[in-house]
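This is a predicted model, so every value here is computed, not measured. First the proteins, then the strands, lettered A, B, ... as listed; each starts at 1.
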Amino acid sequence: MLRLPSLISEFPLCFSGDPALDLPIVPELADGASEEVVKERNAALEEKTRKLRVARETGRWDQITKSGQTPTIFRFIPVHGTKLTWMQGERVRRNLDWQEGLELAFRIAIKEIDNIGKLELAFEIIDGQRLLKRECLDQLYDIGRDAGNPNLGRAVVLELGGFVVERAYQGVPPK
Amino acid sequence: MSVAHLLDCRTCMSTYPRTERQRIGCGFEAALPGATPWEHEGRELGPEERCSLPRGHAGEHGTSSAPSSSGFCDAPIDATCPGYLCSLPEVLEISHARLHWSKGALGAFADDEKPSRALLIGITILEGESGHAQDWELQNPVKDER
């Protein structure tokens, strides 16, 4: 269901590597690639970046979805006020590294996930804050493990956690 | 570029070629350094709307800004088309919230929950900018050319 980004309820995000998204393929560059190949690769990367930026800003992920497919949509609540203060404090109190910081942002902001299969989100209250349970996070980290891509789930959590942090500190896009 | 196009991105995109829209900072296209968004004819950007970093600073518009007599960059802070910005969901949400706020019914808009700080800041900005726009309109009435 299309629910647009909001300042009071939630904002939707998709992972940039979701196979249901209709994005240009950006090839890996081989050593000694010709100028022409580099140019083509950069153009594809720029187009992919542009499409993702517009979808994040407008919330219209349906505009870049392949026909007949449905991407996994992660719905986050905005992190501001006392939630943001607590998250900042927690990073300092527990001396979290950057990955743990992004993971915490993901846990505090995630509200719902559409089209994720059997995974059911469960939350716990820690220090008055509602956080996604670690067991659920572990299931997200397992995404791609059975398909020979053991780091896919981690990439999903860290990429989306990064956007939660960006929005918390810099406000809504565009910048 | 007519104001009607600013209010209808779809028509604008079907009317104007990509490069032309990039020149006015279309949000649907890749950013073009030095893009100049639409502005009311004769209206100059205020100092608060211009970059106050030193001229030639690193960043998106650092090397592309028009030469300035001061030591500051002076490029517009936001080079995105106002039509695109005003069609973003959060901006529309703030606009709807402001209508409720003006009637003392912001609580109803926020489903009786405490409105978020971001929403309140957005309403404050919109209210202030709306006042600026009205002032400018009064000082720069549209001339009847008949």
Do A:F74 and A:F123 sit in the same hydrophobic cluster, where Ile, Leu, Val, Met, Phe, Trp and Tyr count as joined when their side-chain heavy atoms come under 4.5 Å apart? yes
Residue part contacting chain A, namely of B:E93, when any heavy atom lies under 4.5 Å: side chain
Is it the case that one hydrophobic cluster holds both A:I77 and A:F11, taking links as side-chain heavy atoms less than 4.5 Å apart, direct or via other members? no
Here the side chain to side chain donor-acceptor pair (under 3.5 Å) pairs for residues 27-45 of chain A, sequence neighbours left out, are none
In terms of hydrophobic clusters joined by side-chain contacts under 4.5 Å, are B:L99 and B:L106 together? no
Please list, chain by chain and in numerical order, all residues satisfying salt bridge (charged side-chain N to carboxylate O under 4.0 Å, His left out) with A:R145, sequence neighbours excluded. A:D142
Connecting only ILVMFWY residues whose side-chain heavy atoms lie within less than 4.5 Å of each other, what is the rest of B:M13's hydrophobic cluster? A:V54, B:F28, B:Y84, B:L85, B:L88, B:V91
Are A:I126 and A:L96 in one and the same hydrophobic cluster, where Ile, Leu, Val, Met, Phe, Trp and Tyr link if side-chain heavy atoms are under 4.5 Å apart? yes
For atom NZ of B:K114, is the number of surrounding heavy atoms from other residues, nucleotides or ligands below 6.0 Å larger than 12? no
If we ignore hydrogens and angles and just use 3.5 Å, is the side chain of A:R50 paired with the main-chain N or O of B:G27 as donor and acceptor? no
CD (A:E57) and OG (B:S87) are apart, to the nearest 0.5 Å, by 10.0 Å
A:R167 with B:E90: basic N within carboxylate O range, under 4.0 Å: yes
Taking NZ, NE, NH1 and NH2 as the nitrogens, is one of them in A:E47 or B:R18 under 4.0 Å from a carboxylate oxygen of the other? yes
Is A:I113 reachable from A:L152 through a run of I, L, V, M, F, W or Y residues, each pair having side-chain heavy atoms under 4.5 Å apart? yes
Max heavy-atom pairs within cutoff under 4.5 Å with chain B, candidates A:L7, A:T58, A:T49, goes to A:L7
Which residues from residues 118-136 of chain B are near chain A, with near meaning under 4.5 Å between non-hydrogen atoms? B:A118, B:L119
